[in-house]
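Input: a single structure, listed below in structure tokens.
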Amino acid sequence: MDYITLTGVSALGTHGVLDFEHTDPQPFVVDATLYLDLSDASRSDDLADTVSYAQIADRIVSVIQGEHCDLIERLAQRIADSILLLWRVQRTVVTVHKPKAPIEQDFGDVSVTIEREQPSGASYGDEKIDTPTKASQAAAEQTEQTEQVQDPPELHTAILALGGNVGDVSLAMREAIVSLDALPGNQITGISALYRTAPWGVPGAEPVPDFYNAVVELSTPLSARELLEHIHTIEAEHGRTRDVHWDSRTLDIDIIDFNGTVSADPDLTLPHPRAWQRAFVLRPWLDVQPNAQLVGEHEGAVAELAQRAPDAHAVQLESLDWILQTGRTKEDGQR
Ligand SMILES: Nc1ncnc2c1ncn2[C@@H]1O[C@H](COP(=O)(O)OP(=O)(O)OP(=O)(O)O)[C@@H](O)[C@H]1O
Ligand SMILES: Nc1nc2c(c(=O)[nH]1)N=C(CO)CN2
């Protein structure tokens, strides 16, 4: 199996059992090996056929700087989880070093190493992670020969807004992101923070729960229309029905921008026709593209539109590392 190795990624964090370790930052150093099939990337010379080691380094640093763990075993698990969100990575070995650990004796380093893999039988779109049989190897070789004469697919950059206000929204959004990333050829290239936002334009006399919103940047070979079809399937998997416009919902995913395309088609309007006046979309968009520009009728710098939007003051940062959480959050569980 091919692999990518990244060593010595370091950052300050507040992990440890002792009281002062909860407040005084100390260095943590991480080595990670990612096992994945690099045969496509080695032929195509295209980043979309592999995983970006810069993105892995970012994820590792975010986890080190993120939520407190008592044990470096737990920190290593959180790092492995964040790496395995990338569907291409089949297995990862993560070592966390804590060179300044509070140990009275002279010591050089202390570290833990864990090895984790995708859940068994994990299936991603049409791609199943399986031990290759002779037949599947022969089929793969055949495909490789065919692929050599094909042009690599054209990749598009899509900005997707995710939101919801019913049930465990952040879990639904994390699962949706994994599903989007798992579609063949897709790669999530940016994930915003999670924001808690006041309901925008939602009708009805009853009080409506706040929404959670986030934005992702996606590199995709799919057309905008194909992507929208997949999005509808993912929304439906999370119990979304489309009965009432702007009603409370478990999961809503909108295509905000698709390579700067402008289209008035009502089935797929681009950019999203209401994005320009929604700080709950514009603010998280800036997290993944700080210099983003909206095209079309309401064109302008997203940073300026976000400030001017009527709900600019109703968008509150909820979590920077929400994507790394596992299971239900206490708060979500009560919703
Ligand atoms: N850019 C777009 N992204 C997603 N859906 C779109 C887009 N443009 C048009 N649509 C169409 O809008 C229809 C309704 O979408 P949806 O149910 O997500 O709307 P909504 O969430 O109630 O309102 P809003 O679009 O204002 O967020 C979809 O069936 C889809 O075909
Ligand atoms: N704060 C907030 N308000 C909304 C949202 C949303 O995601 N966040 N989505 C809506 C319809 O898509 C309507 N109103």
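Counting convention: from 1, in listed order, for ligands and their atoms alike.
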Practice task
Using a strict 4.0 Å cut-off to heavy atoms of R278, name the atoms of ligand 1 that fall inside it.
Solution key: 24 (P), 26 (O), 27 (O)
Problem - L155 side chain reached by T220 side chain, heavy atoms, under 4.5 Å - result: no
Handout entry: Residues R225, D265: salt bridge by 4.0 Å N-O rule
Key = yes
Practice task
Applying side-chain hydrogen bond (donor to acceptor under 3.5 Å, both in side chains), run through S39 and D37 and close with a yes or a no.
Solution key: CA-CA 6 Å; S39 49; D37 183 352; 2.6 Å; yes
Practice task
Look at the side chain of H272 and the backbone N and O of R274, then say whether any donor-acceptor pair between them is shorter than 3.5 Å.
Solution key: yes
Practice task
Return a yes/no value for D254: is any of its N or O atoms, backbone included, closer than 3.5 angstrom to an N or O of ligand 2?
Solution key: no
Exercise for the section: Look at atom 7 (C) of ligand 1 and find which of T269, L270, I231 reaches it with the closest heavy atom. Expected result: T269
Problem - Residue portion contacting ligand 2 (non-hydrogen atoms closer than 4.0 Å) for A161 - result: neither
Problem - Residue N213 vicinity, atoms of ligand 2 by number, heavy atom under 4.0 Å - result: 1 (N), 2 (C), 6 (C), 7 (O), 8 (N)
Handout entry: P266 to ligand 1, any heavy atom closer than 4.0 Å
Key = yes
Problem - Test item: D257 side-chain N/O and G260 main-chain N/O as donor-acceptor pair under 3.5 Å - result: yes
Practice task
State if E235 counts as touching ligand 1 under the rule of any non-hydrogen atom under 4.0 Å.
Solution key: no
Problem - Side chain, backbone, both or neither: P271 near ligand 1, heavy atoms under 4.0 Å - result: neither
Problem - Salt bridge present between K98 and E21 (N-O < 4.0 angstrom) - result: yes
Completion exercise
Numbered in order shown, the ligand 1 atoms found under 4.0 Å of a heavy atom of H232 are 28 (C), 29 (O)
Practice task
Check whether any N or O atom of R278, backbone or side chain, sits under 3.5 Å from an N or O atom of ligand 2, and answer yes or no.
Solution key: no
Problem - Ligand-side contact atoms (ligand 2) for residue partner D252, heavy atom cut-off under 4.0 Å - result: 12 (O)
Exercise for the section: Assess E229 for proximity to ligand 1: is some non-hydrogen atom of it under 4.0 Å away? Expected result: no
Handout entry: Contacting atoms of ligand 2, where contact means under 4.0 angstrom from a heavy atom of T197
Key = 1 (N), 2 (C), 8 (N)
Problem - Nitrogen or oxygen of L228 less than 3.5 angstrom from that of ligand 1 - result: no
Practice task
Show which atoms of ligand 2 fall inside a sub-4.0 Å distance from at least one heavy-atom site of A198.
Solution key: 1 (N), 2 (C), 3 (N)
Practice task
Indicate yes or no: does R78 engage D321 in a salt bridge with an N to O separation below 4.0 Å.
Solution key: yes
Practice task
Kindly confirm or rule out a cation-pi arrangement of R278 over W200, judged by NZ or CZ under 6.0 Å from the six-membered ring centre and within 45° of its axis?
Solution key: yes
Exercise for the section: Output the distance between atom CD1 (I253) and atom CD1 (I177), rounded to the nearest 0.5 Å. Expected result: 8.5 Å
Practice task
Specify side chain, backbone, both or neither for W200, according to which of its non-hydrogen atoms lie closer than 4.0 Å to ligand 2.
Solution key: both
Exercise for the section: Tell me yes or no: between the side chains of D287 and Y195, is some donor less than 3.5 Å from an acceptor? Expected result: yes
